[in-house]
Student: 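First, the structure itself, so that you have it in front of you.
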Amino acid sequence: MKTSIATVSISGDLREKLAAIAAAGFDGVEIFEQDFLAFDGTPAEVGRMVRDHGLAITLFQPFRDFEGLPEPQRSRAFDRAERKFDLMQELGTDLMLVCSNVSPAALGGIDRAAADFRELGERAGKRGLRVGYEALAWGRHIGDHRDAWEIVRRADHPAIGLILDSFHTLARGIDVDTIRAIPGDRIFIVQLADAPKMTMDLLSWSRHYRNMPGQGDLPVVDFMRAVAATGYVGPLSLEIFNDQFRGGSPRSIAVDGRRSLVNLMDQVRRSEPAIAIDVPAMPEPVRVEGVAFVEFAANEEEAGALGSLLMTMGFAPHARHRNKEVVLWRQGTADDGINIVINTEHEGFAHSSYLVHGTNAYAFGIKVGDADATVARARALGAEPFEQKHGPGELAIPAIRGVGGGVIYFIDDRTNHVWDIEFEPLPQAPQTGQAVGLVGIDHVAQTMNYEEMLTWILFYTAIFRMEKSPMVDVVDPGGLVRSQVVASTDGAVRLTLNGAENHKTLAGHFIAESFGSSVQHLAFRTDDIFASAAAMAERGFRALEISPNYYDDLAARFGIQPELLDQLRTHNILYDRDDGGEYFQVYSTNYSEGFFFEIVERRGGYRGYGAANAPFRIAAQKRQLRPPGLPRS
Ligand SMILES: O=C(O)c1ccc(O)c(O)c1
Ligand SMILES: [Mg+2]
């Protein structure tokens with residue numbers, strides 16, 4: 001599999017783009033004419049720079065408004081093409097993209113266009129060059145790959161071929177199986193892009209909102225399966241016009257791009273077993289079975305405060321690490337309980353994380369069938385493995401780096417006895433640590449800058465068998481926060497990703513104060529929210545106080561019985577309902593700079609996360625964070 005990416009897809013000047021593209025492991029680049037024009041070196045220098053990075057130039061593009069013109073524009077278009085051929089030869093590439101004509105002067109006519117391409121093919125062929133024709137979804141007469149293919153077919157010249165671009169085909173909803181009738185050797189290059197579903201004109205959608213395969217909502221896998229069926233074995237080239245990527249980090253966008261292609265072809269191989277697909281072998285997408293533990297890094301003092309808060313939620317210190325300053329807090333049983341680890345070591349990764357971010361949930365463990373296979377898949381997809389030296393008798397638990405440089409551990413049958421092996425039980429103190437009926441981790445919420453969200457959505461959905469849900473807007477008085485969930489279909493692992501657009505939101509404040517993306521809240525599940533809330537109150541739990549106005553509105557919205565409403569109000573419980581069932585939520589007050597806990601009960605098949613309640617929760621949290629009259633310095 002040869003991978004390529006258009007220079008427009010990445011931010012920076014040409015030098016930065018090429019360095020990032022090469023570092024991410026691509027084989028080639030499409031040189032976008034704009035990037036070349038803005039650069040102050042000669043075409044030969046650009047060509048050398050590309051090759052010095054170990055890259056090939058897979059394509060020069062775009063050449064616009066060529067086919068089907070009347071004279072004298074027609075002759076001028078050929079003259080323009082000859083000058084671009086000169087440039088291509090200096091650059092050192094043999095393939096040019098002609099996109100379908102959008103000019104009002106274009107006359108149309110399949111045979112007229114075919115004749116133009118035959119002549120262009122003659123001229124290109126003499127120089128050893130090739131030309132590919134791409135239907136822009138908004139082309140004046142040609143906006144469908146089937147019509148572009150008919151022109152290429154009738155041009156009947158070896159130097160003229162077809163260029164497919166998943167966006168143009170999928171944005172117009174064209175049946176991808178029509179691609180299966182095209183001979184693979186007549187497809188000169190395949191461009192790939194995804195996009196979120198939106199209603200807007202095709203041109204604006206394409207020029208501003210494309211994203212990497214797997215980041216959007218288009219069936220790019222189906223498109224690529226059809227391409228693979230043609231026998232096409234040429235480069236797979238990302239062409240992503242995205243306003244956010246233009247201002248993003250060149251390195252991380254390039255890494256995302258390469259990951260998206262490897263994941264795409266892995267999916268194609270698994271769904272088209274009869275077709276040979278040239279993609280590195282890797283374990284299948286990993287089934288996640290639950291959150292095994294969440295680990296905090298803290299200093300002793302803050303660990304004490306965190307422990308006190310955990311006690312009010314029914315947790316008890318359960319065991320101490322044999323060699324390290326690490327304590328396991330637990331509620332429930334070894335097999336079925338919730339494990340919270342507090343690490344106050346003065347060296348190692350947790351300590352570094354504490355020094356950078358303050359007390360934070362820097363790591364969590366996911367239960368999987370085979371931890372080594374999980375890391376193998378993650379590595380094949382460009383994830384960074386995490387290793388730390390471990391003492392005698394300690395288990396090597398496979399891990400990778402995740403959001404904000406945090407760690408994701410993988411626990412399988414080989415390591416799930418880590419608590420018995422590395423920890424010694426603590427004497428139980430029954431008066432402090434009685435369970436309050438929390439039975440599991442419902443979700444882990446990670447907060448990040450909005451620009452990072454697509455990176456992590458792709459990360460999780462490529463490595464794991466997890467699906468992404470539609471993005472929802474959460475209104476914070478300080479701005480919008482976008483929230484998107486990745487979860488296994490059985491709900492065993494649910495991660496909510498929150499993207500902050502500024503630092504005036506609670507999420508943004510958290511990122512600023514904790515110096516980066518991190519876990520911002522943990523939601524525990526109960527089967528009886530009222531019993532849990534009452535038991536927690538008895539243990540001194542202070543629930544986040546919700547405005548009385550919220551409950552008046554709730555009564556109006558859902559027609560809730562007064563007795564139930566009273567109970568909700570008494571315990572500061574938020575309520576939501578969907579087609580499947582009901583949802584109850586109660587929040588802790590903020591811990592430190594905006595970290596908090598949530599207790600939830602799902603009744604029936606409720607699938608959401610109470611997004612409708614988020615503005616009221618956030619307003620209450622902000623009241624706590626910045627009491628009126630006491631502005632933070
Ligand atoms: O938006 C455009 O003009 C444009 C140009 C070249 C392409 O390959 C393409 O897909 C779109
Ligand atoms: Mg294109």
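The residues of the chain are indexed from 1 along the displayed sequence.
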Student: Taking all atoms of both residues into account, what is the closest heavy-atom pair of Arg320 and Val327, and its distance?
Tutor: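 Distance-wise, the nearest heavy atoms are NH1-CG2, 4.0 Å.
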Student: Which atom pair, heavy atoms only, marks the closest approach of Pro283 to Ala373?
Tutor: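 Between these two residues, the closest heavy atoms are CG-O, 3.4 Å.
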Student: With Tyr575, which of Phe558, Tyr583, Phe616 fulfils ring pair (Phe, Tyr, Trp, His ring centres under 6.0 Å)?
Tutor: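 Testing each of Phe558, Tyr583, Phe616 against Tyr575, the sole residue satisfying ring pair (Phe, Tyr, Trp, His ring centres under 6.0 Å) is Phe558.
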Student: Do the ring centers of Tyr591 and Phe596 come within less than 6.0 Å of each other?
Tutor: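 They do not qualify: ring centres at least 6.0 Å apart.
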Student: Are any side-chain N or O atoms of Asn339 and backbone N or O atoms of Arg330, one a donor and one an acceptor, separated by less than 3.5 Å?
Tutor: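 Answer holds: no.
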Student: Locate the shortest heavy-atom distance separating Val403 from Ser518; write the atom from each residue and the value.
Tutor: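 Looking at all heavy atoms of both residues, the shortest contact is CG1-N, 4.5 Å.
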Student: Could you walk me through whether Tyr362 and Val407 pass side chain to side chain contact (heavy atoms under 4.5 Å, CB included), step by step?
Tutor: CA-CA 6 Å; Tyr362 84 99; Val407 178; 4.2 Å; yes
Student: Is the centre of the Tyr209 ring less than 6.0 Å from the centre of the Trp205 ring?
Tutor: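 Centroid distance Tyr209-Trp205: not below 6.0 Å, so no.
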Student: Any idea which heavy atoms bring Thr505 and Ala500 closest together, and the distance?
Tutor: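 Here Thr505 and Ala500 meet closest at OG1-CB, 3.9 Å.
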Student: Between His351 and Glu345, is any side-chain donor less than 3.5 angstrom from a side-chain acceptor?
Tutor: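 Short answer, no.
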Student: Under the side chain to side chain contact (heavy atoms under 4.5 Å, CB included) test against Arg287, which residue among Val493, Val368, Thr374, Asp490 passes?
Tutor: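 Exactly one pass, corresponding to Asp490.
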Student: Is there a donor-acceptor contact under 3.5 Å from the side chain of His509 to the main chain of Lys504?
Tutor: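 A pair under 3.5 Å: no.
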Student: Step by step, work out the ring-ring contact (aromatic ring centres under 6.0 Å, His included) result for Phe315 and Phe524.
Tutor: CA-CA 12 Å; Phe315 286 83; Phe524 299 125; 5.1 Å; yes
Student: Using only heavy-atom distances, determine whether the side chains of Arg258 and Asn263 contain a donor-acceptor pair under 3.5 Å.
Tutor: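 No, Asn263 and Arg258 have no side-chain donor paired with an acceptor closer than 3.5 Å.
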Student: Phe584 and side chain to side chain contact (heavy atoms under 4.5 Å, CB included): which partner among Leu568, Val600, Ile599?
Tutor: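 For Phe584, the side chain to side chain contact (heavy atoms under 4.5 Å, CB included) test succeeds with only one of Leu568, Val600, Ile599, which is Leu568.
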Student: Does any N or O in the side chain of Asp576 come within less than 3.5 Å of the main-chain N or O of Asn613, such that one atom is a donor and the other an acceptor?
Tutor: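 Judged by distance alone, no pair lies under 3.5 Å.
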Student: Is it true that Glu424 and Arg322 make a salt bridge, defined as a side-chain N closer than 4.0 Å to a carboxylate O?
Tutor: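 Answer for the salt bridge query: yes.
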Student: Flag yes if more than 12 heavy atoms outside Arg603 fall under 6.0 Å of its CZ atom; otherwise flag no.
Tutor: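 Yes, the 6.0 Å shell around CZ holds more than 12 heavy atoms from other groups.
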Student: Which pair of heavy atoms, one from Gly307 and one from Ile342, lies closest together, and at what distance?
Tutor: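 Closest pair (atom of Gly307, atom of Ile342, distance): N-CD1, 4.4 Å.
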Student: Is it the case that the side chain of Ser260 and the backbone of Gly257 share a donor-acceptor pair, with hydrogens and angles ignored and the cut-off at 3.5 Å?
Tutor: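 Side chain of Ser260 to backbone of Gly257, a donor-acceptor pair under 3.5 Å: yes, one is there.
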Student: Flag the pair Asp370 and Arg414 as a salt bridge only when some basic side-chain nitrogen lies within less than 4.0 angstrom of an acidic carboxylate oxygen.
Tutor: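 The answer is no: the pair does not qualify as a salt bridge.
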Student: Among Trp329, Trp419, Phe364, exactly one meets ring pair (Phe, Tyr, Trp, His ring centres under 6.0 Å) together with Phe293. Which residue is that?
Tutor: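 So the option named by the test is Trp419.
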Student: Check whether any side-chain N or O of Glu467 sits under 3.5 Å from a backbone N or O of Val486 as a donor-acceptor pair, and report yes or no.
Tutor: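 No, the answer is negative, given that no donor and acceptor are paired below the 3.5 Å cut-off.
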Student: Taking the basic N atoms (NZ, or NE/NH1/NH2) and the acidic carboxylate oxygens, is any pair closer than 4.0 Å for Asp442 and Arg602?
Tutor: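 Answer for the salt bridge query: yes.
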Student: May I ask you to check whether over 12 heavy atoms, not counting those of Arg607, lie within 6.0 Å of atom CZ?
Tutor: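 Result for CZ/Arg607: open.
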Student: Which heavy atom in Gln520 sits nearest to a heavy atom in Thr447, and how many Å separate them?
Tutor: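 Closest approach of Gln520 to Thr447, heavy atoms only: OE1-OG1, 2.7 Å.
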Student: Hey, is Asp412 close enough to Lys367 for a salt bridge, meaning N to O under 4.0 Å?
Tutor: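 The answer is no: the pair does not qualify as a salt bridge.
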Student: Would you please indicate yes or no on a ring centroid separation below 6.0 angstrom for Tyr609 and His443?
Tutor: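 Yes, the ring centres sit under 6.0 Å apart.
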Student: Please evaluate residues Leu438 and Arg525 with respect to the criterion side chain to side chain contact (heavy atoms under 4.5 Å, CB included), reporting the C-alpha separation (whole Å), side-chain torsions for both, the decisive distance (0.1 Å), and the verdict.
Tutor: CA-CA 6 Å; Leu438 308 189; Arg525 203 160 36 78; over 6 Å; no
Student: Are side-chain N/O atoms of Glu452 and Tyr450 paired as donor and acceptor at under 3.5 Å?
Tutor: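 Result is no, nothing qualifies.
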Student: Under the 6.0 Å and 45° cation-pi test, does Arg401 pair with Phe386?
Tutor: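 No, Arg401 does not lie over the aromatic ring of Phe386.
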Student: Would you check, one step at a time, whether the test side chain to side chain contact (heavy atoms under 4.5 Å, CB included) holds for His346 with Glu300?
Tutor: CA-CA 10 Å; His346 286 263; Glu300 289 78 6; 2.8 Å; yes
Student: With the threshold set at 4.0 Å, does a side-chain nitrogen-carboxylate oxygen contact exist between Arg379 and Glu384?
Tutor: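 No.
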Student: What is the ring orientation for Phe423 with His321, classed by angle as parallel under 30°, tilted 30 to 60°, or perpendicular over 60°?
Tutor: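 Rings of Phe423 and His321: perpendicular, over 60°.
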Student: Tell me whether Gln388 at atom CD has more than 12 heavy atoms from other residues, nucleotides or ligands lying less than 6.0 Å away.
Tutor: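 Counting other residues, nucleotides and ligands, CD of Gln388 exceeds 12 neighbours.
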Student: Would you sort out whether Ile397 and Val418 count as a side chain to side chain contact (heavy atoms under 4.5 Å, CB included), showing the intermediate values?
Tutor: CA-CA 9 Å; Ile397 301 180; Val418 59; 3.9 Å; yes
Student: For Gln267, is there any backbone N or O sitting under 3.5 Å from a side-chain donor or acceptor partner on Ser271?
Tutor: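 At least one qualifying donor-acceptor pair exists.
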Student: Under 6.0 Å between the ring centres of Phe296 and Tyr354?
Tutor: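 Judged by ring-centre distance (under 6.0 Å), Phe296 and Tyr354 do not meet the cut-off.
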Student: Start with the C-alpha gap between Asn498 and Gln446, add the side-chain angles, then the distance that decides, and say whether side-chain hydrogen bond (donor to acceptor under 3.5 Å, both in side chains) holds.
Tutor: CA-CA 6 Å; Asn498 298 306; Gln446 299 188 300; over 6 Å; no
